[in-house]
Amino acid sequence: MSSSENIPAANFIRQIITNDLEQQKHTDVVTRFPPEPNGFLHIGHAKSICLNFGVAAENNGLCNLRFDDTNPEKESIEYMQAIEKDVAWLGFEWAELKHSSDYFEALYDFAVQLINKGLAYVDNLSAEQIREYRGTLTEAGKESPSRSLSIAENLDLFARMRAGEFADGAYVLRAKIDMASPNINLRDPALYRIRRVHHQRTGDAWCIYPMYDYTHCISDALEGITHSLCTLEFADHRALYDWILDNIEIDCHPQQIEFARLALEYTIVSKRKLNRLVTEGHVSGWDDPRMPTIAGLRRAGYTAASIRDFCERIGVTKKDAWIEMAVLENCIREDLNNNALRAMAVLEPLKVVIENYPSDGLEILEMSNHPQDESRGKRKVPFSQVIYIEQDDFADVPPPKYKRLIAGGEVRLRGAYVIKCNEVIKDDAGKVIELRCSYDADTLGKKPEGRKVKGVIHWVSAEHALDAEIRLYDRLFNVANPDAEDDFCDAINPDSLTIIKQAKLEASLAAAKPDVGFQFERVGYFCVDAMDSRSDKLVFNRTVTLRDTWFAK
RNA sequence: UGGGCUGUCGCCAAGCGGUAAGGCACGGGGUUUUGAUCUCCGCAUGCCCAGGUUCGAAUCCUGGCAGCCCAGCCA
């Protein structure tokens with residue numbers, strides 16, 4: 001591995017951090033990854049995870065995992081567990097595991113501070129009224145009558161909100177900033193709402209819950225975060241982030257820096273929409289291999305290293321960028337090409353009888369586990385008279401430049417002999433159902449005498465083959481940007497999953513484990529399905545095809 | 001139309017006033033018992049547009065144009 005591979009690519013956030021360290025604005029870097037536990041993490045989160053944990057690690061700093069659990073209606077412990085698993089699987093260690101709810105008491109006290117400074121008030125306007133009072137993008141809003149309540153009245157009302165004296169939605173605590181601000185986030189934003197919902201961690205201790213804008217900056221400050229990295233849509237919220245920290249008694253003021261969220265062609269990265277795919281049954285779950293979730297990618301056979309590599313390659317900027325699927329695919333192909341052991345599997349079997357081979361004959365051939373890396377050793381592959389080859393590897397009427405098996409032609413069986421097709425057997429419908437061939441005994445490990453055989457195809461001994469189900473996944477959507485559709489579900493690719501019920505695998509695959517991918521030579525990269533595969537009913541998922549410059553299907 | 005942000009190759013992306021890195025994709029050559037891999041070569045006289053400053057501009061200034069985000073008691 002060359003040293004250049006370890007030098008992280010330049011980006012504006014790394015630049016800011018390096019500069020802050022040089023200027024001694026900070027002596028240490030502390031970041032955080034703050035997911036809301038309302039769904040599974042997806043590839044877009046991976047970008048944020050790699051950034052936050054990455055810049056911390058590069059500077060010998062710390063990164064916390066903090067669940068932003070201020071809206072119990074949508075959140076659950078199950079999602080928290082899935083998130084922890086995914087972050088750890090990606091290869092990152094958090095310094096501390098925190099929850100915004102850990103700070104509910106402190107948050108309440110800071111709210112009292114704001115009230116005491118005359119900077120927050122309790123409003124009895126309804127949600128609809130607040131919306132009307134807020135104004136529009138081009139017109140200033142108007143002040144709520146509650147804005148003139150005294151500090152004592154506000155203190156009393158806020159205490160009674162907490163005490164549960166009011167109905168849900170009857171009151172809200174608002175910051176008193178500027179109803180005419182061109183930044184709508186500053187038009188007296190809500191800080192607390194009343195909501196009698198059981199919280200997954202605090203139970204029924206609270207009936208008021210703090211809003212994101214109010215919670216996030218204070219949580220950051222309480223944890224001593226130096227750089228609070230978030231996506232672009234929060235840029236307008238930075239003024240509020242700063243306003244809150246400037247107006248409470250706290251000695252830490254993290255710097256919020258925004259970067260562009262990931263957009264990947266042919267996928268969606270919106271938890272709300274991914275949730276819909278799951279609940280409407282378009283996929284089998286959050287971890288369906290077609291999902292752009294970390295769990296889905298893992299189940300499909302993506303490695304953590306390939307996802308980290310992807311996140312490094314796409315960069316970090318403030319520009320809305322669309323990443324082509326080919327970038328992600330290249331990352332996993334590169335990893336698996338280097339690391340996956342090779343094996344042979346026939347997806348659509350065609351029976352081949354080698355007539356001049358003894359019917360009770362058996363040879364145990366040795367094949368490289370990795371042709372480019374002999375240190376990976378060899379494996380034993382049985383060869384016998386009846387084998388299966390891929391239906392696609394025989395053509396009755398070959399297209400131009402076809403270099404596999406044709407009637408009367410020769411082809412190399414990978415790691416074994418050269419065979420010649422003598423007879424083609426078809427069923428009544430004209431479909432090729434069997435080939436009668438002969439083999440050249442003098443071609444094992446050596447080139448045939450006096451002629452060239454161009455094609456090489458994979459095969460499996462019929463008697464020794466393992467049956468397996470193979471799931472071929474394709475892109476979930478037919479359009480590059482499903483979000484642009486009236487309903488993104490209309491763009492779902494009906495052929496995103498093809499199930500092959502009875503593929504034939506070489507026997508060595510019986511011991512395959514879900515977390516280690518294989519290259520099925522000439523076909524693609526596959527791994528055992530972690531959920532459905534059993535020793536008596538193997539199930540493999542296709543992670544990605546091999547690059548195919550000859551025939552793009 | 002108020003505010004915020006962005007515009008460098010088909011897709012990403014370095015560049016920070018000294019004369020356009022790199023990756024993906026694409027095209028072509030070589031090696032190959034995987035039409036894979038590997039390898040070699042090609043791929044922006046130009047950086048949204050127009051002016052200006054300068055010996056010199058993708059980088060600075062001015063003015064346009066285009067795109068994205070914001071009017072949840074969501075995050």
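Naming: A, B, ... by sequence-line order, numbering from 1 per chain. Scope of the values below: all heavy atoms of this structure, side chains included, with no hydrogens, waters or symmetry mates.
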> What nucleotide, of C70(B), G35(B), A75(B), holds the atom closest to the side chain of Lys403(A)?
Replying inline: G35(B)
>> Only pairs with both distances under 3.5 Å count, Watson-Crick or wobble alike; so what is the partner of C24(B) in this structure?
In response: G10(B)
> Mind checking the C1' distance from C69(B) to G64(B)? Whole angstroms is fine.
Replying inline: 22 Å
> Is the Phe477(A) ring parallel, tilted or perpendicular to the Phe488(A) ring (thresholds 30°, 60°)?
Replying inline: tilted
>> Is the distance between the ring centroids of Phe540(A) and Phe520(A) under 6.0 Å?
In response: yes
> Taking the six-membered ring of Trp206(A), is NZ or CZ of Arg162(A) closer than 6.0 Å to its centre and within 45° of its axis?
Replying inline: yes
> Would you call Arg379(A)-Glu506(A) a salt bridge at under 4.0 Å N-O?
Replying inline: yes
> Can you tell which of G2(B), C73(B), G35(B) lies closest to the side chain of Pro182(A)?
Replying inline: G2(B)
> So what does Gln15(A) touch, heavy atoms closer than 4.0 Å: a base, only the sugar-phosphate, or nothing?
Replying inline: base
> Which part of the nucleic acid, if any, lies within contact of Tyr214(A), taking any heavy atom under 4.0 Å across all strands shown: a base, the sugar-phosphate backbone alone, or nothing?
Replying inline: nothing
> Quick one: which of C74(B), A13(B), C69(B) gets closest to the side chain of Arg193(A)?
Replying inline: C74(B)
> Looking only at atom C1', what distance separates C9(B) and G15(B), rounded to whole Å?
Replying inline: 15 Å
> NA contact type, Lys446(A), heavy-atom cut-off 4.0 Å: base, sugar-phosphate, or nothing?
Replying inline: base
> Arg414(A) near the nucleic acid: base, sugar-phosphate alone, or nothing, with a heavy-atom cut-off under 4.0 Å?
Replying inline: base
>> In whole Å, measure the gap between the C1' atoms of G18(B) and G7(B) for me.
In response: 25 Å
> Nearest of C74(B), U34(B), C73(B) to any side-chain atom of Ile130(A)?
Replying inline: C73(B)
>> Can you confirm if the aromatic rings of Tyr357(A) and Tyr439(A) lie within a centre distance of less than 6.0 Å?
In response: yes
> Which base, if any, makes a Watson-Crick or G-U wobble pair with G56(B), both distances under 3.5 Å?
Replying inline: none
>> Can you tell me whether the side chain of Arg404(A) and the base of G35(B) have a donor-acceptor pair closer than 3.5 Å?
In response: yes
>> Please classify the nucleic acid contact of His216(A) as base, sugar-phosphate, or nothing, using heavy-atom distances under 4.0 Å.
In response: nothing
> Which part of the nucleic acid, if any, lies within contact of Thr443(A), taking any heavy atom under 4.0 Å across all strands shown: a base, the sugar-phosphate backbone alone, or nothing?
Replying inline: base
> When we call it a touch if two heavy atoms are under 4.0 Å apart, what does Asn337(A) touch: a base, just sugar-phosphate, or nothing?
Replying inline: sugar-phosphate
>> Regarding Asn11(A), tell me which of base, sugar-phosphate or nothing describes its non-hydrogen contacts under 4.0 Å with the strands shown.
In response: sugar-phosphate
>> Side chain of Leu232(A), heavy atoms from C-beta onward: which of C69(B), C5(B), A75(B) has the nearest atom to it?
In response: C5(B)
>> Ignoring hydrogens and geometry beyond distance, is the side chain of Arg547(A) in donor-acceptor contact with the base of U37(B) at under 3.5 Å?
In response: no
> With respect to the side chain of Ala326(A), which nucleotide from C24(B), U1(B), C26(B) is positioned closest?
Replying inline: C24(B)
> Cation-pi between Arg174(A) and Tyr121(A): NZ/CZ under 6.0 Å from ring centre and within 45° of the ring axis?
Replying inline: no
> Between the base of U33(B) and the side chain of Arg412(A), is there a donor-acceptor distance below 3.5 Å?
Replying inline: yes
> What is the pairing partner of C68(B), taking Watson-Crick or G-U wobble pairs with both distances under 3.5 Å in any strand?
Replying inline: G4(B)
>> Does Arg131(A) reach a base, just sugar-phosphate, or nothing at all? Heavy atoms under 4.0 Å.
In response: sugar-phosphate
> Which comes earlier along RNA chain B counting from the 5' end, the contact point of Ala10(A) or that of Asn185(A), where each point is its nearest nucleotide?
Replying inline: Ala10(A)
> Which nucleotide in the set U6(B), C73(B), G2(B) lies at the smallest distance from any side-chain heavy atom of Ala127(A)?
Replying inline: C73(B)
> If you take atom types as modelled and just measure distance, does the side chain of Glu139(A) reach the base of G2(B) with a donor-acceptor pair under 3.5 Å?
Replying inline: no
>> Regarding Gly445(A), tell me which of base, sugar-phosphate or nothing describes its non-hydrogen contacts under 4.0 Å with the strands shown.
In response: base
>> What's Arg238(A) touching, base or sugar-phosphate or nothing? Going by heavy atoms closer than 4.0 Å.
In response: nothing
